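For the single chain, residues carry numbers from 1 onward in sequence order. Just follow the structure's listing: the first ligand is 1, and inside any ligand the first atom is 1. Bear in mind that the values here come from a model prediction, so they are computed numbers and not experimental data.
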Amino acid sequence: MSKRWYQENRRDPWRREARSKGYRARSAYKLKQIQDKFGIIRKGDSVLDVGCHPGGWTQVAVEEVGGDGFVLGVDLLSTSPVEGATIIIGDISKNSTLSYISEILDGKNLNTVISDISPKLTGRYDTDQAISLELSTLVMDTAMLILTPGGNFVTKIFQGTGIEGLMKAAKQRFSNVQRYAPTASRKSSSETYLICQNKLPRPKKDARGKTAYQQVQEHLEEIDVLVKNIETEDAPAVKGFRKLSRKREG
Ligand SMILES: C[S@@+](CC[C@H](N)C(=O)[O-])C[C@H]1O[C@@H](n2cnc3c(N)ncnc32)[C@H](O)[C@@H]1O
């Protein structure tokens with residue numbers, strides 16, 4: 001193991017704690033802290049964990065739902081089995097993944113959607129933050145389709161442009177929405193979590209007939225950040241919150 005890894009590990013109490021308790025990732029403690037503060041998962045619940053690899057959150061969710069609950073994890077990457085959970089490989093932005101999830105749920109009420117989803121980081125903060133915003137928004141739209149009324153939704157967000165748009169979309173769909181930064185997140189991290197409780201039976205008036213994706217896109221345009229689905233003969237449509245300042249466009 002590298003010297004750097006050794007030093008980080010020695011300094012990081014959450015990593016040590018996770019290893020000693022058998023959690024696959026230190027991020028397990030972020031969900032534990034969210035759960036302690038907000039109680040988003042109840043005994044017997046059915047929970048969907050989006051972006052579950054390597055499985056730390058899934059392990060915590062299995063403990064929280066207990067023997068009568070159900071936990072389904074999904075990730076682009078293959079995840080080693082977690083006892084008590086069902087895990088599939090899938091891209092949450094694809095309709096086929098949603099169909100597969102619905103098939104597995106087989107009419108079961110889904111009480112909570114948890115998501116620690118994160119893109120493969122490029123190291124360019126603006127790009128990573130834009131992709132993260134898009135992913136979290138897509139997960140919110142997925143949650144809206146399958147979460148039972150009264151259900152809860154948690155997603156990771158990176159601080160930055162457009163977050164207010166996602167917060168607004170969340171407040172139109174859930175009765176209680178807050179941001180929360182667990183102390184288990186690294187001090188240097190710009191991540192925070194959007195905690196959405198009690199899904200409304202239907203969205204508030206301004207959001208009806210719109211996806212969260214459309215609303216965040218509108219918000220980005222309002223704050224003078226261009227969001228284009230560029231389609232030319234050479235380049236097929238590119239979907240995404242790619243942000244360009246209007247000033248730079250010309
Ligand atoms: C920070 S990791 C999750 C860690 C996990 N919560 C744990 O405790 O072990 C973020 C995950 O999001 C996944 N991800 C990114 N984009 C995705 C997508 N479109 N569909 C499904 N999973 C995705 C990544 O593959 C990655 O494994």
(request) Using distance alone, determine whether Ala25 and ligand 1 share an N or O pair under 3.5 Å. (result) no

(request) Could you tell me which atoms of ligand 1, counted from 1 in the order shown, lie closer than 4.0 angstrom to a heavy atom of Asp91? (result) 18 (C), 19 (N), 20 (N)

(message) As an exercise, identify every atom of ligand 1 less than 4.0 angstrom from a heavy atom of Gly56.
(response) 7 (C), 8 (O), 9 (O)

(request) Tell me who clusters with Ile89, hydrophobic residues only, linked when side chains sit under 4.5 Å apart either directly or through other members. (result) none

(message) Tell me if a side-chain donor or acceptor on Asp128 pairs with a main-chain N or O of Thr122 at a distance below 3.5 Å.
(response) yes

(request) Write out the residue and atom name of the closest protein heavy atom to atom 8 (O) of ligand 1, then the distance separating them to 0.1 Å. (result) Ser27 OG, 2.7 Å

(message) Does any N or O of ligand 1 fall below 3.5 Å from an N or O anywhere on Ser93, backbone included?
(response) no

(message) Give me the nearest non-hydrogen protein atom to atom 15 (C) of ligand 1 as residue plus atom name, then the distance to 0.1 Å.
(response) Ser118 O, 3.2 Å

(request) Among Lys168, Lys210, Gln172, find the residue that satisfies the side-chain hydrogen bond (donor to acceptor under 3.5 Å, both in side chains) test when tested with Gln215. (result) Gln172

(message) Using a plain distance cutoff, I'd like to know if Ile92 has any nitrogen or oxygen under 3.5 Å from a nitrogen or oxygen of ligand 1.
(response) yes

(message) Pairs of nitrogen or oxygen atoms closer than 3.5 Å, one from Pro54 and one from ligand 1: do any exist?
(response) yes

(message) Is there a polar contact, in the sense of an N or O pair closer than 3.5 Å, between Trp57 and ligand 1?
(response) yes

(message) If you measure every N or O of Val50 against every N or O of ligand 1, does any of those distances drop under 3.5 Å?
(response) no

(message) Looking at every non-hydrogen atom in both residues, tell me the closest pair between Ser118 and Leu135 and how far apart they are.
(response) C-CD1, 4.1 Å

(request) List every atom of ligand 1 that sits less than 4.0 Å from any heavy atom of Leu76, numbering the atoms from 1 in the order shown and giving each element. (result) 15 (C), 16 (N), 17 (C), 18 (C), 20 (N), 21 (C), 22 (N), 23 (C)

(request) Would you mind listing which atoms of ligand 1 come within a distance below 4.0 Å of any non-hydrogen atom of Gly90? (result) 20 (N), 21 (C)

(message) Between Gln33 and Ala184 (side chain of the first, backbone of the second, donor and acceptor by atom type, cut-off under 3.5 Å), is there such a pair?
(response) yes

(message) Using a 3.5 Å distance criterion without hydrogens, assess whether the side chain of Asn111 forms a donor-acceptor pair with backbone atoms of Gly151.
(response) no

(message) Quick test of your reading of the structure: of Gln59, Lys156, Lys30, His53, whose heavy atom lies closest to atom 2 (S) of ligand 1?
(response) His53

(message) For a 4.5 angstrom cut-off between non-hydrogen side-chain atoms, does Ile117 reach Thr155?
(response) yes

(message) In the structure I gave you, are the side-chain heavy atoms of Asp45 and Phe70 within less than 4.5 Å of one another anywhere?
(response) no

(message) I need the atoms of ligand 1 closer than 4.0 Å to a non-hydrogen atom of Asp116, numbered in the order shown.
(response) 1 (C), 3 (C), 4 (C), 5 (C), 6 (N), 10 (C)

(request) Under 4.0 Å, heavy atoms only, figure out whether ligand 1 is touched by the backbone of Cys52, its side chain, both or neither. (result) backbone

Name the atoms and distances for all side-chain donor-acceptor pairs under 3.5 Å in residues 54-65, with sequence neighbours left out.
| residue | atom | partner | partner atom | Å |
| --- | --- | --- | --- | --- |
| Trp57 | NE1 | Ser27 | O | 3.0 |
| Thr58 | OG1 | Asp49 | OD2 | 2.7 |
| Gln59 | OE1 | Arg24 | N | 2.8 |
| Gln59 | NE2 | Gly22 | O | 3.1 |
| Glu63 | OE1 | Tyr23 | OH | 2.9 |
| Glu63 | OE2 | Tyr23 | OH | 2.8 |
| Glu64 | OE1 | Gln35 | NE2 | 3.2 |

(request) Give a yes or no on this: more than 12 heavy atoms of other residues, nucleotides or ligands lie within 6.0 Å of atom CZ of Arg202. (result) no

(request) Measure the distances from the heavy atoms of Gly55 to every atom of ligand 1 and state whether one is below 4.0 angstrom. (result) yes

(request) Provide the number and element of each atom of ligand 1 under 4.0 Å from a heavy atom of Ile117. (result) 12 (O), 14 (N), 15 (C), 16 (N), 17 (C), 18 (C), 23 (C)

(message) Let's go through Thr183 and Tyr29 carefully: what are the C-alpha distance in whole Å and the side-chain angles of both, what is the deciding distance for side-chain hydrogen bond (donor to acceptor under 3.5 Å, both in side chains) to 0.1 Å, and is it a yes or a no?
(response) CA-CA 9 Å; Thr183 54; Tyr29 286 92; over 6 Å; no

(request) Just go through Ile114, Thr79, Ile89, Asp75 and tell me whose heavy atom is the nearest to atom 25 (O) of ligand 1. (result) Asp75

